[in-house]
Amino acid sequence: MTVRTRFAPSPTGFLHIGGARTALYNWLYARKHGGKFVIRVEDTDAARSTDASQSIILDGLRWLGLEWDEGPDAGGDNGPYFQSQRHEIYQAYLQKLKDSDLVYDDDGAVRFRVPDKEITVNDAICGTVTVNLKKTGSTRWDPEAKKEVEANPDIVIRRPDGSFIFHFVNVVDDIEMGITHVIRGEDHLSNTPKHIALYEAFGSDLPTFAHIPLNLNKDGSKMSKRDQGALIHEYIENGFLPAAVNNYMALLGWSSGSDRELYFSLDEILEDFDLKGVNSSNSKFDFEKCKWMNAEHIKALPADKFLQRSAPFLESEGIDPKDSRVPACLELARERAETLADITKVILPVFTDNLEYDQPSVEKVVSKDGMAEVLSTLATHLAECGDWTTDGIKASIQAAAESLDLKMGAFMFPCRVATMGSTAGADLVPMLELIGQDRVVSRIRDFKEKYLS
RNA sequence: GACCCGUUCGUCUAGCGGUCUAGGACUCCGCCCUUUCACGGCGGCAACACGGGUUCGAGUCCCGUACGGGUCGCCA
């Protein structure tokens, strides 16, 4: 049997980290077992579905590298891959239930008779769950009245307007598309007995169910689109690497059993991935760790890929990625960047003379006694430097310091602030080399002029 | 409220009855490296929710309680 998994997004918003992780696990499982990964767009809610949302979701999946074998743009033999285009199929399946007398009309809606028996879900992650839909569905919690009210346990599968309900179309499509493994969020575990009842009503074989635990906020609340780290497009915009996001998502709820935490590609995850390593408890999202992981990925990125990934961020700051100084700059920034967006900030002093001076840093420097002399001495020595290399520059700073009988450290901070605008930033001497002799000297003189005269 | 699932450092987790005085990672703190900021190296703080069983022995198995999450829609 060929493994077939699917991710079935509803195009009503952004690609959420939880959805992306579900897609990732489905992708991993399919690839791991030589199977197919299918995308099906669940756009039955015409009022809320939009093309823009669909693009965001599919682009997000592509960015992560979760390519699908069948689905929108990819085609396939089990389409259409949009529920809005599958009405006839649903009608045919409804007819089957009618023929078996398993449905009835209720005020224009169609209800499916749930069986009065124990239904057992054999979940690959959660174990065995047994429920009797007739019993547990016979009452309903009314949030308004805050009490149990009588309810009809039979589930509505078609609305009076003829449109079909999620539980029904989801099962029909999974049957029609030959889905063998349903990997989805644990929020669907309680719905699964309903789905099993439908499978049985159609006389279809059950897929393997695997409900993965949910991701919550750090305070334990449900993650919503407003929460930091919740939306995939934010990772794209903020300079995360897709491999790092995959790495983090994979480890949120799954462990290989070893201490290994860094996986630099989907292929590497694939080697270790196994549904057995998926936890059964919810996890809380830790954006700090996610950033750390991204930093590790940046450190490990080959130079050409690094340049390629950084290019859009450089351009947005007006830096030409083809500039001959860029590769050296990137290497300088690499060790201290958590995101690609950080990189441009670090290397900006090389590319612009319009520096933004960090006020606390400036205060720290100008408040020191004798700073005017330090700066002018420094400028003079650097102007006279005949060997503008890291060694030559270092020697000049050293000479400047000695001429005033001061330690070199006393010169490093002022030099850093005057030429780079802040006490923080990339390695000073290589940065000076890249900025260039004339610009360095004039920056120091201008700085002195501006703040110490 | 009913039903379902879960519970190891603040967080992600290892652990599948003795090797656990509970291991790794993030965060935080200290030290070292560094004539700067980082990076890096070393070290430290910090957990088996609680109560009963079962067992020679329980983080590991069972039951209960507490807590957390989910489902209970003519949303998906």
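We name chains A, B, ... by the order of the sequence lines, and we start the count at 1 in each one.
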Between [N] ([atom2]) and [X] ([atom1]): distance, integer Å:
{"X": "A:H16", "N": "B:A76", "atom1": "NE2", "atom2": "P", "result": "19 Å"}
{"X": "A:I212", "N": "B:G69", "atom1": "CD1", "atom2": "P", "result": "19 Å"}
{"X": "A:M420", "N": "B:A38", "atom1": "CE", "atom2": "P", "result": "12 Å"}
{"X": "A:D106", "N": "B:G73", "atom1": "CG", "atom2": "P", "result": "13 Å"}

Can you tell me if the side-chain N/O atoms of [X] get under 4.0 Å from OP1 or OP2 in [N]?
{"X": "A:S283", "N": "B:U11", "value": "no"}
{"X": "A:W141", "N": "B:G1", "value": "no"}
{"X": "A:R140", "N": "B:G73", "value": "yes"}
{"X": "A:N279", "N": "B:A14", "value": "yes"}
{"X": "A:R159", "N": "B:A76", "value": "yes"}

Please pick, from [options], the nucleotide with the shortest atom-to-atom distance to any side-chain atom of [X].
{"X": "A:S281", "options": "B:A76, B:A25, B:U7", "value": "B:U7"}
{"X": "A:D286", "options": "B:A76, B:C74, B:U11", "value": "B:U11"}
{"X": "A:D259", "options": "B:C74, B:C72, B:G23", "value": "B:G23"}
{"X": "A:L189", "options": "B:U35, B:C74, B:C4", "value": "B:C4"}
{"X": "A:K194", "options": "B:C72, B:A25, B:C74", "value": "B:C72"}

_Can you tell me whether the side chain of A:K289 and the base of B:A25 have a donor-acceptor pair closer than 3.5 Å?_
yes
_Work out how far the C1' atom of B:U27 is from that of B:U35, and round it to whole angstrom._
31 Å
_In whole Å, measure the gap between the C1' atoms of B:U7 and B:G51 for me._
15 Å
*Considering Watson-Crick and G-U wobble pairs with both distances under 3.5 Å, what does B:C67 pair with?*
B:G6
*Base-pairing mate for B:C74 - Watson-Crick or G-U, with both contacts under 3.5 Å*: none
*Pick base, sugar-phosphate or nothing for A:S190, based on heavy-atom distances below 4.0 Å to the nucleic acid.*
base
*Is there a donor-acceptor contact under 3.5 Å linking the side chains of A:S84 and A:D43?*
yes
*Please check if the side chain of A:Y104 supplies one atom and the backbone of A:K98 the other of a donor-acceptor pair under 3.5 Å.*
no
